[in-house]
Amino acid sequence: MITYEYRIPKDINSFRRSVGWYELSERQLTAAKNNSVFAITALDGEKEVGSARVVGDGGYQFFISDVIVRPEYQGMGIGREMLNRLMNCALSVADDGETIMVNLMSAKDKEGFYEKLGFMKRPNDERGCGMTLFLTK
Ligand SMILES: CC(C)(COP(=O)(O)OP(=O)(O)OC[C@H]1O[C@@H](n2cnc3c(N)ncnc32)[C@H](O)[C@@H]1OP(=O)(O)O)[C@@H](O)C(=O)NCCC(=O)NCCS
């Protein structure tokens with residue numbers, strides 16, 4: 001049975017490696033651990049099999065980041081469950097009548113996964129596209 005704990009995984013980089021992403025530096029890992037607004041880890045027994053986190057201002061703006069399910073556990077509904085739980089966390093801080101904004105940057109070809117959760121693709125008739133700038137020091 002898959003269980004969920006509201007915390008950052010013990011080894012973020014092992015998750016990132018499992019899906020072919022570059023690793024974060026110690027400084028970046030510390031910042032991720034200390035400054036995420038919400039985080040979730042999916043477990044199969046003691047084994048950490050999925051992770052996702054939310055950064056933002058904790059009031060209006062929330063940004064979903066580092067959504068990863070280990071390859072051997074993909075397609076089992078873990079990603080959907082993690083995101084639904086994180087979005088409930090984000091909505092739980094709002095007062096009645098308030099709207100919050102939840103953003104993300106989809107990895108290539110993962111848009112369909114997020115669309116099933118209610119996210120809209122941009123640009124569209126009403127909104128411009130999301131934009132990214134990678135800066136290297
Ligand atoms: C993308 C990812 C998080 C999805 O997690 P998952 O646990 O495999 O997905 P789920 O089993 O919860 O899928 C939920 C639904 O989305 C669908 N789905 C999953 N991946 C999809 C994709 N790439 N495109 C379209 N639909 C997708 C599933 O078929 C399922 O549909 P259903 O509700 O009709 O059954 C996972 O595949 C992953 O970690 N990929 C590698 C890392 C990555 O790219 N992360 C995203 C960063 S933006």
Side-chain angles (χ1 to χ4, degrees):
M1 188 185 68
I2 303 296
T3 58
Y4 297 87
E5 293 182 2
Y6 291 91
R7 61 170 175 81
I8 293 276
K10 291 181 182 127
D11 187 351
I12 295 174
N13 276 337
S14 107
F15 272 95
R16 295 180 67 90
R17 278 193 302 274
S18 79
V19 295
W21 292 1
Y22 64 85
E23 296 189 21
L24 301 183
S25 68
E26 281 306 317
R27 185 192 64 79
Q28 291 171 324
L29 291 170
T30 301
K33 281 175 187 155
N34 292 342
N35 300 324
S36 294
V37 180
F38 302 110
I40 192 161
T41 298
L43 296 122
D44 180 6
E46 298 286 298
K47 184 179 178 187
E48 297 180 335
V49 300
S51 72
R53 64 192 183 103
V54 176
V55 295
D57 65 12
Y60 170 55
Q61 283 286 352
F62 298 85
F63 189 91
I64 291 178
S65 183
D66 296 334
V67 182
I68 301 173
V69 177
R70 289 192 188 280
E72 62 272 31
Y73 285 85
Q74 289 175 10
M76 297 167 53
I78 296 172
R80 173 176 49 218
E81 182 68 19
M82 291 195 303
L83 285 204
N84 279 333
R85 285 174 180 243
L86 285 179
M87 287 189 284
N88 282 336
C89 288
L91 198 55
S92 72
V93 304
D95 291 334
D96 289 347
E98 281 183 348
T99 299
I100 62 169
M101 188 171 190
V102 184
N103 297 300
L104 61 85
M105 292 288 175
S106 176
K108 192 164 168 45
D109 298 329
K110 305 298 189 230
E111 294 87 349
F113 166 69
Y114 294 109
E115 281 181 311
K116 287 196 165 173
L117 289 159
F119 286 83
M120 65 168 126
K121 271 188 194 158
R122 300 178 67 154
N124 53 45
D125 288 345
E126 290 180 18
R127 297 170 197 278
C129 59
M131 299 180 75
T132 302
L133 172 64
F134 289 106
L135 294 173
T136 303
K137 187 169 170 183

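Counting convention: from 1, in listed order, for ligands and their atoms alike.
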Under 3.5 Å, is there a donor-acceptor pair between the side chain of Q61 and the main chain of G56?
no
Candidate with minimal heavy-atom separation from atom 7 (O) of ligand 1, of G79, S106, G20
G79
Reported CD1-to-CG distance for the pair I78 and D44, which is rounded to 0.5 angstrom:
7.5 Å
Taking atom 23 (N) of ligand 1 as the reference point, the nearest protein heavy atom with its distance
D109 O, 3.0 Å
Can you list the atoms of ligand 1 that are under 4.0 Å from a heavy atom of Y114?
46 (C), 47 (C), 48 (S)
Could you identify the single nearest non-hydrogen protein atom to atom 35 (O) of ligand 1 and state the distance to 0.1 Å?
R80 NH1, 3.8 Å
Please check if the side chain of D95 supplies one atom and the backbone of E98 the other of a donor-acceptor pair under 3.5 Å.
no
Distance-only, no hydrogens or angles: does the N13 side chain make a donor-acceptor pair with backbone N or O of R16 under 3.5 Å?
no
Which of the listed options, V49, V67, L104, holds the heavy atom that is closest to atom 3 (C) of ligand 1?
V67
Would you mind checking which non-hydrogen protein atom is closest to atom 39 (O) of ligand 1, with the distance to 0.1 Å?
V69 N, 2.8 Å
Would you mind running through ligand 1 and noting each atom that sits below 4.0 Å from a heavy atom of I68?
39 (O)
Between V54 and C89, is a side-chain contact (heavy atoms from CB on, under 4.5 Å) present by the stated rule, with each step listed?
CA-CA 10 Å; V54 176; C89 288; over 6 Å; no
Would you indicate whether the side-chain heavy atoms of N35 and V55 approach each other to under 4.5 Å?
no
Aromatic plane relationship, Y114 with F119 - under 30° parallel, 30 to 60° tilted, over 60° perpendicular
perpendicular
closest protein heavy atom to atom 40 (N) of ligand 1 is Q74 NE2, 3.4 Å
Verify the contact flag for atom 1 (C) of ligand 1, where contact means a protein heavy atom under 4.0 Å away.
yes
For ligand 1, which atoms, with element, lie under 4.0 Å from some heavy atom of G77?
10 (P), 11 (O), 12 (O)
Need the ligand 1 atom indices (1-based, order shown) with element for anything under 4.0 Å from a heavy-atom of M76.
11 (O)
Atom 9 (O) of ligand 1: the protein heavy-atom neighbour that sits closest, reported with distance to 0.1 Å:
F113 CE1, 3.6 Å
Which residue and atom name correspond to the protein heavy atom nearest atom 17 (C) of ligand 1, and how close is it?
K116 CD, 4.0 Å
Can you figure out which of K110, E111, E115 has its heavy atom closest to atom 44 (O) of ligand 1?
K110
How about R17 and D11: do any of their side-chain heavy atoms sit closer than 4.5 Å?
yes
Which residue holds the protein heavy atom closest to atom 8 (O) of ligand 1, what is that atom called, and what is the gap in Å?
G75 N, 2.9 Å
Output yes when E48 and R7 qualify as a salt bridge under the 4.0 Å nitrogen-oxygen rule, no when they do not.
yes
M105 near ligand 1, heavy-atom distance under 4.0 Å?
yes
Using distance alone, decide if ligand 1 has a nitrogen or oxygen within less than 3.5 Å of any nitrogen or oxygen in V19.
no
